[in-house]
K.L.:
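Before we start, here is the structure in question, set down as structure tokens.
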Amino acid sequence: MDYDVKDMTLAEPGRLAVEWAYRSMPVLALIRKRFAKEKPLRGLRLGACLHVTTETASLMETLKAGGAEVRLCASNPLSTQDYVAAYLVKYHSIPVYAIKGEDTETYYRHIHAVLDMKPHLTMDDGADLVSMIHSKRKDLIRGIVGGTEETTTGVIRLRAMARRGVLRFPIVAVNDAQTKYLFDNRYGTGQSTIDGIIRATNRLVAGSVFVVCGYGWCSRGLAMRAHGLGASVVVTEVDPLKALEAVMDGYRVMPIDEAAQIGDFFCTLTGNINVIRREHFLMMKDGAIVSNSGHFNVELDLDGLGRITKKKRKIREFVEEYTLKNNRRVYVLGEGRLINLAAAEGHPSSVMDMSFANQALSAEYLAKNVKILKRQVYAVPEDIDHEIARLKLAAMGVRIDALTPEQRKYLASWEMGT
Ligand code: ADE
């Protein structure tokens, strides 16, 4: 079997790490059990480009249990857990192509290795598979049934393709399921980003000024957790509604060129390019700590920072010190790559349980609806979303009420008023 991982002797610690994660993933376990019986993905080849973590291992096992032949590569050069890559190869014979810290050339070689299986289904986190298929591997398009997309940034790219009429197969936007973005983006990113920043720096958050760039679901989660740790949170936004919401949530809102002057910590989560630029780095206080938790490492203008830097050194793992021409020092975490996966372990398993339940059920949905789906970006069907919420509540031992017949009738009527 072909694969490319760092070290196969890591498979055993990988097995224990995966066992630990699975304890918090009951919904995916239920789906895996059903998939093993019903084999809804039988005969399909599925190429996945995801962060290679313990949680992703659980998803890969589920897809394989469902009858799919799977291959996996990393969706970010810094996010791979090498012991998981070795575990999947050794214990599940899944070809994995991922090494933490791989260079850009290796990253793309690994994407090609997955595409060489001629997938019927693609599973992306950031749309790199789909984008490669539409640019350099067009020969594969004819065989593809559809794909799924995990993250906000990927969905933005794919919707742009659909709008321009260049998308050549259907995509299910897993990110947009309520059981995904309301939990993974908010609580997952909130906790794991703080985790990454603290693991990288070991700095105290209490009493600091913490600047959160953007106020989408990921940023809301981060602002909430930074506030909970005692920081004074500042939010920057371009969308007036989101900015207003941040104000009402109790945060200070201001433009980045004001925030740049007062922040101790900065984190970008916007999905956009060059959010913190050269001129902002020049305004920062000596010792400012800057990170990104958006999907791509384009949110910080590191080229611009390089041009105003006279000295750069790695001061500790995941922390680079830039001494600027104005003699102030700025610390960039994890090379500007998503800090929750670069310096920590990504979102905790219990939240990925729901995200990846959406992935597995969306793959099944694509397989079942080959004939009717068009070249569009689809939402995850509402019944899948609700079923995942139901299963998660049941796994947590939380019971809820059901509508009485009278309430059901009332909701369906319009006659009854005061
Ligand atoms: N994205 C964010 N956290 C993740 C995790 N733990 N596994 C896979 N993808 C992720």
Side-chain angles (χ1 to χ4, degrees), residues 14 17-25 27-28 46 48-63 70 72-85 87-88 94 96-98 100 114 122-129 148-155 173-177 179-197 199-200 216-222 225 267-269 271 291-297 334 337-360 362-363:
V18 162
E19 185 184 325
W20 176 250
Y22 285 17
R23 288 194 59 111
S24 305
M25 304 186 78
V27 176
L28 205 53
L46 187 150
C49 178
L50 301 167
H51 301 296
V52 180
T53 64
T54 49
E55 293 76 25
T56 301
S58 175
L59 174 61
M60 292 299 108
E61 283 185 43
T62 305
L63 299 168
V70 294
L72 172 66
C73 64
S75 59
N76 186 290
L78 266 192
S79 62
T80 298
Q81 294 169 0
D82 290 312
Y83 59 12
V84 171
Y87 161 81
L88 283 171
I94 292 177
V96 180
Y97 304 86
K100 185 167 175 109
V114 164
T122 62
M123 194 168 272
D124 256 319
D125 187 335
D128 277 349
L129 285 182
T148 63
E149 172 52 51
E150 170 76 9
T151 200
T152 317
T153 300
V155 171
V174 165
N175 179 72
D176 296 355
T179 46
K180 201 280 183 180
Y181 72 85
L182 290 176
F183 301 90
D184 168 315
N185 298 24
R186 180 166 39 172
Y187 301 109
T189 307
Q191 177 167 323
S192 62
T193 301
I194 288 283
D195 187 16
I197 292 171
R199 286 199 209 191
W217 288 106
C218 294
S219 306
R220 289 178 180 121
L222 176 59
R225 294 296 171 246
C267 189
T268 51
L269 311 90
S291 60
N292 163 54
S293 206
H295 185 79
F296 287 119
N297 60 337
R337 298 201 184 271
L338 71 190
I339 194 60
N340 60 340
L341 280 142
E345 294 169 74
H347 305 346
S349 316
S350 67
V351 89
M352 292 313 294
D353 190 29
M354 287 192 282
S355 311
F356 284 167
N358 274 293
Q359 284 285 9
S362 296

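For ligands, and for the atoms within them, numbers begin at 1 and follow the listed sequence.
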K.L.:
Quick one, Ser24 with Ser349, criterion side chain to side chain donor-acceptor pair (under 3.5 Å). Give me CA distance, side-chain angles, the key distance, then yes/no.
P.N.:
CA-CA 6 Å; Ser24 305; Ser349 316; 4.9 Å; no
K.L.:
With Asn297, which residues qualify under side-chain contact (heavy atoms from CB on, under 4.5 Å), at least two apart?
P.N.:
Arg337
K.L.:
Taking only residues two or more places apart in sequence or in another chain, which ones pass ring pair (Phe, Tyr, Trp, His ring centres under 6.0 Å) with Tyr22?
P.N.:
none
K.L.:
Could you check whether His295 and Thr153, counting side-chain N and O atoms only, form a donor-acceptor pair closer than 3.5 Å?
P.N.:
no
K.L.:
For the pair Asp195 and Arg199, find out whether any cationic side-chain nitrogen is under 4.0 Å from an anionic carboxylate oxygen.
P.N.:
yes
K.L.:
Mind checking what residues have non-hydrogen atoms under 4.0 angstrom from ligand 1?
P.N.:
His51, Thr53, Glu55, Thr56, Leu341, Glu345, Gly346, His347, Met352, Phe356
K.L.:
Please name all residues satisfying side-chain contact (heavy atoms from CB on, under 4.5 Å) with Ser192, sequence neighbours left out, ordered by chain then number.
P.N.:
Asn340, His347
